[in-house]
There are 2 protein chains.
Amino acid sequence: MLTQRDLAILDVLQKDSDTSLSKIGEKVHLSPSACSRRIANLRDEGYIRRNVAVLDRDRLGLGTTVFVTVSARIHSAEWTANFRRAVEAIPEIVEVYRLTGSVDYLLKIVLPSVNDYDKVYNAIVARVEMNVVHASIVMEDIKHAGLPLSFVPHASSR
Amino acid sequence: MLTQRDLAILDVLQKDSDTSLSKIGEKVHLSPSACSRRIANLRDEGYIRRNVAVLDRDRLGLGTTVFVTVSARIHSAEWTANFRRAVEAIPEIVEVYRLTGSVDYLLKIVLPSVNDYDKVYNAIVARVEMNVVHASIVMEDIKHAGLPLSFVPHASSR
DNA sequence: ATTGAAAGGGTGTCGAT
DNA sequence: ATCGACACCCTTTCAAT
């Protein structure tokens with residue numbers, strides 16, 4: 001079971017994994033060495049998967065995001081496998097979710113500009129038969145937060 | 001201007017920011033110290049924003065994701081400000097995008113289970129008048145990749 | 001079982017060549 | 001770009017609670 005302290009540590013790390021153990025220790029009222037062990041445990045127990053760099057999309061000229069919802073024409077294991085291979089092979093498609101309801105999949109696509117959407121569109125429809133239900137461009141990134149750890153059940157304290 | 005090497009370094013770091021300088025050096029054929037300076041530059045120039053820990057949602061009991069599209073009832077600066085405050089205040093709403101089309105927003109909501117959606121729904125409609133156009137639950141996370149750095153323009157080499 | 005203090009080792013950083 | 005020295009931080013050990 002996780003303690004409040006563990007959650008506090010996770011919250012610090014999901015915002016900035018470069019935070020030194022001494023600074024984490026100050027925040028959660030623990031010595032650096034104790035923090036080190038806790039973090040190692042959190043890793044071993046699978047709470048922390050890995051650390052990654054957050055890159056600046058605009059700076060890299062990848063400031064355009066498009067969300068696309070698609071539905072399958074046919075529902076078969078073969079179609080699904082084909083679809084997965086297709087989205088996996090196209091790097092501009094950065095996220096794919098299978099959804100409930102009539103819309104089957106949601107795709108998040110990252111591009112230099114809206115003009116490049118056509119290429120991705122053609123690339124995917126060439127590979128797999130599907131209906132693009134809707135596509136809309138992101139005008140503004142309003143919120144981007146970490147996981148709501150305040151809602152994770154935890155041991156009473158200590 | 002970025003070099004191919006810089007992009008290769010960024011690609012390593014966006015997948016695993018714990019990669020040691022010596023390993024990065026092997027991959028991009030550079031000495032560790034040279035990598036260190038390049039990374040420092042990439043930071044200073046704003047390409048790397050920060051490093052964060054990727055947490056395991058299922059392990060934390062936050063395995064449920066819901067995507068919700070909403071539209072504004074009224075279109076005013078006041079409504080928008082109010083909407084922003086509302087989504088900012090609700091931690092389960094982890095991502096918010098303003099989209100093209102009618103004044104549409106896409107919300108990504110992270111929850112312990114689908115039963116908790118109601119609370120978030122009530123919390124937000126209590127704060128701001130809006131139409132929830134559609135809500136669908138994520139059945140499966142099919143792809144989750146980093147930015148497509150292969151499409152970033154770069155200096156020819158060196 | 002978990003903690004804090006101190007020691008040891010590794011790694012990143014900076015300067016010089 | 002490499003080499004070397006320094007500094008910092010993380011990790012481990014150990015005693016204590």
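Letters A, B, ... mirror the listed sequences (proteins, then strands); counts begin at 1.
OP1 or OP2 of dT2(D) sits under 4.0 Å from a side-chain N or O of S31(B). Proximity of S36(B) to the phosphate of dT13(C): a side-chain N or O atom is located under 4.0 Å from OP1 or OP2. The side chain of R38(A) places no N or O atom within less than 4.0 Å of a non-bridging phosphate oxygen (OP1 or OP2) of dT2(C).
Counting only N and O atoms by type, the side chains of N131(B) and R73(B) include a donor and acceptor under 3.5 Å apart.
Distance N41(A) CG to dT11(D) C1': 13 Å, rounded to the nearest Å. To the nearest angstrom, P of dC10(D) lies 4 Å from CG of L21(A). The separation between M1(A) atom CE and dT2(C) atom C1' is 18 Å, rounded to whole Å. Spacing between atom CZ of R5(A) and atom P of dG4(C) amounts to 7 Å, rounded to whole angstrom units. Distance CG (D44(A)) to P (dT11(D)): 11 Å, rounded to an integer number of Å. Taking atom CD1 on I39(A) and atom P on dT2(C), their separation rounds to 16 Å, with Å as the unit. Taking atom CD1 on I24(A) and atom P on dC10(D), their separation rounds to 8 Å, with Å as the unit. Note: CG (L2(A)) to P (dT2(C)) measures 13 Å, nearest angstrom.
Using a 4.0 Å heavy-atom criterion, one finds that S20(B) contacts the sugar-phosphate atoms exclusively.
Other residues, nucleotides and ligands place no more than 12 heavy atoms under 6.0 Å from the OH atom of Y121(B).
Summary of the strand contacts: T19(A) and S33(B) both lie near DNA chain D, and taking for each the nucleotide with the nearest heavy atom, the more 5' one is attributed to S33(B).
With hydrogens and angles ignored, the 3.5 Å screen pairs a side-chain donor or acceptor of D6(A) with a backbone N or O of T3(A).
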Pairs under 3.5 angstrom only: tabulate donor-acceptor contacts from the side chains of residues 88-98 of chain A to other protein residues two or more places apart or in another chain.
{"unit_1": "E95(A)", "atom_1": "OE1", "unit_2": "Y97(A)", "atom_2": "OH", "d": "2.4"}
{"unit_1": "Y97(A)", "atom_1": "OH", "unit_2": "K108(B)", "atom_2": "NZ", "d": "3.2"}
{"unit_1": "R98(A)", "atom_1": "NE", "unit_2": "E140(B)", "atom_2": "OE1", "d": "2.9"}
{"unit_1": "R98(A)", "atom_1": "NH2", "unit_2": "E140(B)", "atom_2": "OE1", "d": "3.2"}

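The L30(B) side chain lies nearest to dA1(D) when the options are dT3(C), dT12(D), dA1(D).
The salt bridge (charged side-chain N to carboxylate O under 4.0 Å, His left out) test applied to E26(A) returns no partner, not counting sequence neighbours.
Taking 3.5 Å as the limit, the base of dG12(C) and the side chain of R37(B) contain no donor-acceptor pair of atoms between them.
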